[in-house]
Colleague: 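So that we are looking at the same thing, I have put the structure below in structure tokens.
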Amino acid sequence: MVMSIEATYIPYAIAIGIGATLVMDFWNLFLRRTFGVPSLNYCLLGRWLRHMPEGTFRHTSITAAPQKPFECTVGWIAHYTIGVVFALVLVVLASGDWLARPTLLLALLYGIGTVVFPFFIMQPSLGLGIAASRTPKPMQARLKSLATHTVFGVGLYLCARGVSYMLRVHA
């Protein structure tokens, strides 16, 4: 079975991905300003990516790795690109029907499911261990990641509702 996406859905999926990532970023900003909860420094994501062309994919500690030019820019672009890719995959898996009639449950479950990427790819690669096991407060880090990806799922739904409205208006 080959999954595909209609070309007309791609701009909508991109908008949903950017919007959901923005929702997640506003959530993290709220947590930081209201409760002092730190968020992932996307410059470190950029540092990780900027070390890859040299063949370094895993770090003992990404904070101890040498800084790279443009790591912050690369990190933020990667952050939003990842959000867009996640949204594109959701639209491919769910089909255009979901774009026309988005459901919260699917978006929420999918958003929560995306937490496997930081737990098993990002965090170990940055030297934080599987599911943040090498951080000072692993359970707190895990819950923060889970909450953030849950909010991403809510953002997917809210933005898909906006797209659904646009599809109806322009139909």
Side-chain angles (χ1 to χ4, degrees), residues 1-35 37-46 48-49 71-126 128 130-132 139-171:
M1 178 173 116
V2 176
M3 289 184 256
S4 65
I5 183 171
E6 286 188 39
T8 55
Y9 295 152
I10 292 173
Y12 297 121
I14 291 170
I16 291 167
I18 291 170
T21 305
L22 273 170
V23 169
M24 185 175 76
D25 287 342
F26 282 122
W27 166 255
N28 284 325
L29 182 64
F30 166 76
L31 288 178
R32 187 174 72 229
R33 291 206 173 152
T34 307
F35 303 106
V37 176
S39 183
L40 173 64
N41 178 349
Y42 294 110
C43 297
L44 297 177
L45 170 62
W48 176 54
L49 294 170
E71 64 184 35
C72 291
T73 302
V74 169
W76 278 98
I77 290 169
H79 171 57
Y80 276 84
T81 301
I82 292 164
V84 167
V85 168
F86 282 158
L88 284 166
V89 170
L90 173 61
V91 171
V92 166
L93 293 174
S95 81
D97 292 339
W98 185 79
L99 280 177
R101 290 174 298 287
T103 59
L104 176 60
L105 182 61
L106 179 61
L108 202 54
L109 292 175
Y110 182 78
I112 292 168
T114 61
V115 83
V116 302
F117 292 96
F119 278 2
F120 298 106
I121 296 172
M122 290 282 313
Q123 292 168 357
S125 297
L126 299 179
L128 303 173
I130 293 175
M139 190 53 71
Q140 184 179 22
R142 290 175 191 134
L143 290 173
K144 169 77 169 51
S145 291
L146 185 59
T148 297
H149 284 256
T150 300
V151 169
F152 178 71
V154 170
L156 288 169
Y157 171 71
L158 294 174
C159 295
R161 288 290 306 258
V163 164
S164 170
Y165 174 78
M166 295 301 291
L167 288 170
R168 283 193 306 274
V169 167
H170 295 295

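In this chain, residues are counted from 1 in sequence order. Note that the structure is a prediction, hence the values are computed from the model and not measured.
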Colleague: Which heavy atom in Gly17 sits nearest to a heavy atom in Phe152, and how many Å separate them?
Modeller: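 For Gly17 and Phe152, the tightest heavy-atom pair comes out as O-CE1, 4.4 Å.
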Colleague: Does Val151 have any side chain to side chain contact (heavy atoms under 4.5 Å, CB included) partners at least two apart in sequence or in another chain, and if so, which?
Modeller: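 Residues passing side chain to side chain contact (heavy atoms under 4.5 Å, CB included) with Val151: Val23, Trp27.
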Colleague: Kindly write out the residues that satisfy side chain to side chain contact (heavy atoms under 4.5 Å, CB included) with Leu143, not counting sequence neighbours, or none if the list is empty.
Modeller: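 By the side chain to side chain contact (heavy atoms under 4.5 Å, CB included) rule, Leu143 matches Met139.
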Colleague: Of all heavy-atom pairs between Cys159 and Ala20, which one has the smallest distance, and what is that distance?
Modeller: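 Closest heavy-atom pair between Cys159 and Ala20: SG-N, 3.5 Å.
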Colleague: Counting only pairs under 3.5 Å, give me each side-chain donor-acceptor contact of residues 117-125, with atom names and distances, residues two or more places apart or in other chains.
Modeller:
from: Gln123; atom 1: OE1; to: Ala132; atom 2: N; distance (Å): 2.9
from: Gln123; atom 1: NE2; to: Ser145; atom 2: OG; distance (Å): 3.2
from: Ser125; atom 1: OG; to: Ile121; atom 2: O; distance (Å): 2.7

Colleague: Does anything in residues 94-123 form a salt bridge (Lys or Arg N to Asp or Glu O under 4.0 Å)? List the pairs, not counting sequence neighbours.
Modeller: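 Of all non-adjacent pairs touching residues 94-123, none passes salt bridge (Lys or Arg N to Asp or Glu O under 4.0 Å).
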Colleague: Cys43: which residues meet the side chain to side chain contact (heavy atoms under 4.5 Å, CB included) condition with it, sequence neighbours left out?
Modeller: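 With sequence neighbours excluded, Cys43 shows a side chain to side chain contact (heavy atoms under 4.5 Å, CB included) to Asn41, Glu71, Cys72, given in chain and number order.
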Colleague: Show every donor-acceptor pair shorter than 3.5 Å between a side-chain atom in residues 73-80 and any protein atom, with sequence neighbours excluded, or say none if there are none.
Modeller:
from: His79; atom 1: NE2; to: Asp25; atom 2: OD1; distance (Å): 2.8
from: His79; atom 1: NE2; to: Asp25; atom 2: OD2; distance (Å): 3.2
from: Tyr80; atom 1: OH; to: Asp25; atom 2: OD2; distance (Å): 2.5

Colleague: Compare all side-chain heavy atoms of Arg142 with those of Val115 and state whether any distance is below 4.5 angstrom.
Modeller: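 When only atoms from C-beta onward are counted, Val115 and Arg142 do not touch, as no gap falls below 4.5 Å.
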Colleague: Looking at CG of Leu44 and CG of Leu49, how far apart are the two atoms once the value is rounded to the nearest 0.5 Å?
Modeller: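 If I round to the nearest 0.5 Å, the distance is 11.0 Å.
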Colleague: For residues 105-118, pull every pair meeting side chain to side chain donor-acceptor pair (under 3.5 Å), keeping only residues two or more places apart or in separate chains.
Modeller: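 Sorted result for residues 105-118: Thr114-His149.
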Colleague: According to salt bridge (Lys or Arg N to Asp or Glu O under 4.0 Å), does anything in residues 152-162 pair up with another residue at least two apart or in another chain? List the pairs.
Modeller: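 Pairs touching residues 152-162 that pass the test: none.
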Colleague: Between Trp98 and Thr103, what is the shortest heavy-atom contact and its length?
Modeller: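 Residues Trp98 and Thr103, closest heavy atoms: NE1-N, 3.0 Å.
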Colleague: Between atom CG of Asn28 and atom OG1 of Thr148, what is the distance when rounded to the nearest 0.5 Å?
Modeller: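 Spacing of CG (Asn28) from OG1 (Thr148) equals 4.0 Å.
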Colleague: If you compare all heavy atoms of Val163 against all heavy atoms of Leu99, which two are closest, and at what distance to 0.1 Å?
Modeller: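 It is CG1-CD2, 4.0 Å.
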Colleague: Testing the basics here: between Ser164 and Pro102, what is the closest heavy-atom pair and its distance to 0.1 Å?
Modeller: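 Shortest heavy-atom separation between Ser164 and Pro102 comes out as CB-CD, 3.7 Å.
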Colleague: Going from CD1 on Ile130 to CG on Leu128, what distance comes out if it is rounded to the nearest 0.5 angstrom?
Modeller: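 If we round to the nearest 0.5 Å, Ile130:CD1 and Leu128:CG are 12.0 Å apart.
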Colleague: Go through Leu90 and Leu106 one step at a time and tell me if the side-chain contact (heavy atoms from CB on, under 4.5 Å) criterion holds.
Modeller: CA-CA 9 Å; Leu90 173 61; Leu106 179 61; 4.2 Å; yes
Colleague: Determine whether more than 12 heavy atoms belonging to other residues, nucleotides or ligands lie under 6.0 Å from atom CG of Leu22.
Modeller: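 More than 12 heavy atoms, drawn from other residues, nucleotides or ligands, come within 6.0 Å of this atom.
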Colleague: Could you work out, with side chain to side chain contact (heavy atoms under 4.5 Å, CB included) as the rule, every residue matching Leu109, not counting sequence neighbours?
Modeller: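 Partners of Leu109 by the side chain to side chain contact (heavy atoms under 4.5 Å, CB included) criterion, ordered by chain and then number, come out as Leu105.
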